[in-house]
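First comes the structure, then the notes that go with it.
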Amino acid sequence: MRERIEKVQNLLEENDLDAFLFSSQPNVFYLSVFRSSHAYVVVSRHSYHLLTDGRYYQKAKEELKDWDVILLEGNVIKAIEKLLKKVGAFKVGYEEDRVSCEFRRRLKGGFRWVGKAGFLKHMRAIKDSTEINLMQEGVRISDRVYMSILNKIREGMTELELRSLIVSEFFKAGAMGESFPAIVASGKGSAIPHWETSTRPIKHGQPLLIDMGLLWKGYCTDFTRTLHLGRASSEFKKIYNIVKDAHLFALEKVKVGRKISEIDKTARDYIKKKGYGKFFIHSTGHGVGIEIHEFPRVYYKGVDKDVIIEEGMVFTIEPGIYLGGKFGVRLENIVAVIRGVGEPLSKVPLDLIEI
């Protein structure tokens with residue numbers, strides 16, 4: 001992880017900072033590859049330190065051989081201030097988008113505190129080969145779980161029972177759990193993009209949307225397929241094929257040097273051309289990695305619209321059409337930018353499955 005620390009130290013110089021305090025679990029993990037519910041990382045121009053309490057201290061000392069690991073006892077802020085004085089820092093950055101107002105109020109101690117939002121977002125958006133390999137491993141497991149549950153879906157089982165089965169299979173495969181609460185949406189529920197998985201029974205003759213992800217060695221997966229129990233209607237097949245084609249057209253736009261907005265605009269324009277533009281009600285995707293939603297947002301407008309696609313970026317492509325009161329279709333893959341183009345990590349086909 002030394003390379004990441006060096007990049008942060010370069011950011012300190014670029015932002016005229018003496019040090020930076022990282023307090024969010026995702027960024028602490030990203031820099032140290034150490035996970036705990038109570039840890040801080042301080043990076044100065046010439047040093048890096050992890051502070052944690054007695055529950056994690058020994059484990060951190062054993063795993064982080066090259067780090068200065070500090071045991072937190074008593075007042076956390078005073079311990080941080082003591083360290084900052086020791087390294088000679090005065091102008092110190094902190095994660096203003098990740099801390100509470102109370103935490104910020106306590107940051108005094110004679111230092112000049114500078115709030116920075118998204119300080120590591122560009123760094124984290126570009127995954128190295130190790131990160132991409134970990135995510136690929138996670139997606140392979142997710143694919144296997146999905147294919148295995150297709151044989152276990154039965155009419156009459158509830159959406160929650162199916163979600164329980166998915167989570168159980170995740171744990172059996174060695175995952176740390178879900179990367180987000182799986183969405184299992186049957187029938188009309190599939191027309192609500194973020195349907196809350198319920199006790200509704202799954203019925204024959206209805207669509208079934210499954211949006212699921214697991215946490216593998218600290219990295220998230222995200223995957224959606226919409227299938228049909230029994231033979232699908234001609235209307236469902238029509239909508240399904242529009243979404244599938246929109247997904248594939250969007251994938252073709254994933255090339256280094258293009259704007260991220262082109263991906264969304266391609267899927268959106270195609271769905272609009274087919275007469276269903278008003279039924280595509282979310283962005284085409286989002287960055288994914290240590291967190292399920294990361295920079296950049298794959299959308300034709302907003303603050304990330306002019307972001308240029310770079311080698312190593314990893315994000316989702318997930319167009320959808322939602323016909324309220326009837327059904328919805330969404331098809332989602334994680335895509336990694338490898339050798340200049342987008343490569344879907346999932347190997348599950350996009351073809352319609354009728355079971």
With ring centroids as reference points, do [X] and [Y] lie under 6.0 angstrom apart?
{"X": "Phe20", "Y": "Tyr94", "answer": "no"}
{"X": "Phe280", "Y": "His282", "answer": "yes"}
{"X": "Phe327", "Y": "Phe236", "answer": "yes"}
{"X": "Phe295", "Y": "His122", "answer": "yes"}

Donor-acceptor pair, distance only, cut-off 3.5 Å: does the side chain of [X] make one with the backbone of [Y]?
{"X": "Glu311", "Y": "Gly340", "value": "yes"}
{"X": "Thr224", "Y": "Arg330", "value": "no"}
{"X": "Asp18", "Y": "Phe90", "value": "yes"}

Given Phe223, which of Tyr146, Phe180, Phe170 fulfils the ring-ring contact (aromatic ring centres under 6.0 Å, His included) condition?
Tyr146

Hey, is NE2 on His293 packed in by over 12 heavy atoms from elsewhere, all under 6.0 Å?
yes

Got a sec, which pairs hit ring-ring contact (aromatic ring centres under 6.0 Å, His included) with one end in residues 331-352, sequence neighbours left out?
none

Which residues pass the salt bridge (charged side-chain N to carboxylate O under 4.0 Å, His left out) test with Glu102, sequence neighbours left out?
Arg105

For Ile77, which residues count as a side-chain contact (heavy atoms from CB on, under 4.5 Å) partner, sequence neighbours excluded?
Asn75, Glu81, Phe103, Arg106, Leu107

Could you pull out all residues at least two apart from Lys274 that satisfy side-chain contact (heavy atoms from CB on, under 4.5 Å)?
Ile242, Tyr270, Tyr276

Does any pair with a residue in residues 24-38 pass salt bridge (Lys or Arg N to Asp or Glu O under 4.0 Å), and if so which ones, sequence neighbours excluded?
none

Show which residues join Tyr322 in its hydrophobic cluster (side-chain heavy-atom contacts under 4.5 Å, direct or indirect), or state none.
Ile281

Should Lys347 and Asp143 be marked as a salt bridge (charged side-chain N to carboxylate O under 4.0 Å, His left out) after you check the CA-CA gap, both sets of side-chain angles, and the distance that decides it?
CA-CA 7 Å; Lys347 303 307 178 186; Asp143 282 357; over 6 Å; no

Side-chain heavy atoms under 4.5 angstrom apart, residues restricted to Ile, Leu, Val, Met, Phe, Trp, Tyr: same cluster for Ile5 and Tyr40?
no

Would you kindly check if the NZ (Lys) or CZ (Arg) of Arg268 is within the cone defined by 45 degrees around the ring axis of Tyr300 and under 6.0 Å from the six-membered ring centre?
no

